[in-house]
There are 2 protein chains.
Amino acid sequence: MVTSKEVHMQDLIRQAEALCQRSGMAFTAPRRRVLEILAASETPMKAYDLISKAGEGGQATKPPTVYRALDFLCQLGLVHRIEQDATFVACNHAGHAQPVALFVCNSCLKATEVAYGEVSPILEKAAAAKGFNLQRLVVEGRGQCQDCAMAA
Amino acid sequence: MVTSKEVHMQDLIRQAEALCQRSGMAFTAPRRRVLEILAASETPMKAYDLISKAGEGGQATKPPTVYRALDFLCQLGLVHRIEQDATFVACNHAGHAQPVALFVCNSCLKATEVAYGEVSPILEKAAAAKGFNLQRLVVEGRGQCQDCAMAA
DNA sequence: CCTAGTATGTTATTACATAACACCCTATAT
DNA sequence: ATATAGGGTGTTATGTAATAACATACTAGG
């Protein structure tokens, strides 16, 4: 059986390859490895869990290798960093141009992505009212996800 | 001359005292010290800068002392933690019931507080559409503040 | 070839945060 | 008066997150 996770991963990998091709960057082994691990994970992962996992199967993988891969993948928009708790998650609707908010479930720790296109201009305007020119926006949250609400 | 910073600090301290009184908690020396340092700072501060500064003038101040004070002050809403860069800033409109976004200037690093009351329900609704019950929201940003825009 | 640009490997260190336990203070119940 | 429970701090040690700095390798264009 082919799980949706696996399909998702194939998508992400293809996306990554395409993006790299276009921008003349290399989709190298460590970058692929990090993306695969994140894509396979149910929940956002801490950097050092990633480092351990990437090191399984022989060669040790050191922090800088993984952090560099994460930076790269974040810039491409294939991975999101969740600032609240310093974790990383594979984007689950690869290729979105839209900004997304990440809402983390307090029970199962899974992240739900929600597009917030409509609120960007509102916040930009609110910022502009104070003379602030908004360039980058971070929207995150905590709460209870659908599955956990059902279970309760 | 009495600066607006100093007035702001007096306000915050009074607020803190009042809040503690009401909830039966103690506004102790380390808590006061941390709040004073933050209120006097132009920009958000890193925890370890706070630790050093709190330790000036004799007794060494250790990380747990400061982190405990920060947790306390954050819960009271007198201090905000900026997740993006793990810094802390005194709230500059003490006693707001409103949630606020924190926008950090890329040049001078000062934080601008912007109330985002109007967008909360929108995001809550967007989350609800995916079955997510939003309990806590973090809105932060980066960009250029008014002063730096003028200077440029 | 050679060299400029991109990327990784490796060592070491810096920065951020908390666990765990001892001690103190103060309010209140006996 | 004294025991004790709760809230708070002090201290040691450690866990966790991230990066600096420098060496090495791969690949494309001159």
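Just so it is clear: chains get the letters A, B, ... in the order the sequence lines come, proteins before strands, and each one is counted from 1. Only heavy atoms go into these numbers, but all of them, side chains included; no hydrogens, no water, no symmetry mates.
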Between [X] ([atom1]) and [N] ([atom2]), how many Å, whole number?
| X | N | atom1 | atom2 | answer |
| --- | --- | --- | --- | --- |
| A/Arg68 | C/dT10 | CZ | C1' | 9 Å |
| A/Leu73 | C/dA7 | CG | C1' | 14 Å |
| B/Lys46 | C/dC16 | NZ | P | 4 Å |
| B/Asp49 | C/dA15 | CG | P | 9 Å |
| B/Lys62 | C/dA22 | NZ | P | 16 Å |

Exam field: side chain [X] to backbone [Y], donor-acceptor pair closer than 3.5 Å:
| X | Y | answer |
| --- | --- | --- |
| B/Arg31 | B/Ala26 | yes |
| B/Lys110 | B/Val104 | no |
| B/Ser23 | B/Leu19 | yes |
| B/Ser41 | B/Ile37 | no |

Derivation of the salt bridge (charged side-chain N to carboxylate O under 4.0 Å, His left out) call for B/Arg32 and B/Glu17
CA-CA 9 Å; B/Arg32 167 182 233 111; B/Glu17 281 167 349; 3.4 Å; yes
Taking only N/O atoms, report every protein-nucleotides 17-19 of chain C pair under 3.5 Å with atom names and distance.
| from | atom 1 | to | atom 2 | distance (Å) |
| --- | --- | --- | --- | --- |
| C/dA17 | OP1 | B/Arg81 | NH1 | 2.7 |
| C/dA17 | OP1 | B/Arg81 | NH2 | 2.9 |
| C/dA17 | OP2 | B/Tyr67 | OH | 3.1 |
| C/dA17 | N7 | B/Tyr48 | OH | 2.8 |
| C/dA17 | N6 | B/Tyr48 | OH | 3.2 |

Rounded distance [0.5 Å steps], [atom1] in [X] versus [atom2] in [Y]:
| X | Y | atom1 | atom2 | value |
| --- | --- | --- | --- | --- |
| B/Lys53 | B/Thr61 | NZ | OG1 | 13.5 Å |
| B/Phe103 | A/Leu134 | CZ | CG | 5.0 Å |
| B/Phe72 | B/Met25 | CZ | CE | 6.0 Å |

Taking 4.0 angstrom as the limit, do A/Asp11 and A/Arg14 come out as a salt bridge?
yes
Note: chain B reaches DNA chain D at heavy-atom distances under 4.0 Å over the stretch, first to last nt, 5' to 3', of D/dG8 to D/dT12
May I ask you to list the residues of residues 135-143 of chain A, by number, that have any heavy atom positioned under 4.0 Å from an atom of DNA chain D?
none
Near DNA chain C, which residues from residues 18-31 of chain A have a heavy atom under 4.0 Å away?
A/Met25, A/Ala26, A/Thr28, A/Pro30, A/Arg31
Side chain proximity check, A/Gln15 to A/Leu78, heavy atoms < 4.5 angstrom
yes
Using atom types as modelled, flag every donor-acceptor pair under 3.5 Å from a side chain in residues 138-152 of chain B to any protein atom, sequence neighbours excluded.
| from | atom 1 | to | atom 2 | distance (Å) |
| --- | --- | --- | --- | --- |
| B/Glu140 | OE1 | B/Glu83 | N | 3.4 |
| B/Glu140 | OE1 | B/Gln84 | N | 3.0 |
| B/Glu140 | OE1 | B/Gln84 | NE2 | 3.3 |
| B/Glu140 | OE2 | B/Glu83 | N | 2.7 |
| B/Arg142 | NH1 | B/Asn106 | OD1 | 3.2 |
| B/Arg142 | NH2 | B/Asp85 | OD2 | 3.0 |

Tell me, yes or no, whether the heavy-atom count around A/Gln21 atom CD, taken from other residues, nucleotides or ligands under 6.0 Å, exceeds 12.
no
Partners of B/Arg33 by salt bridge (Lys or Arg N to Asp or Glu O under 4.0 Å), sequence neighbours excluded?
none
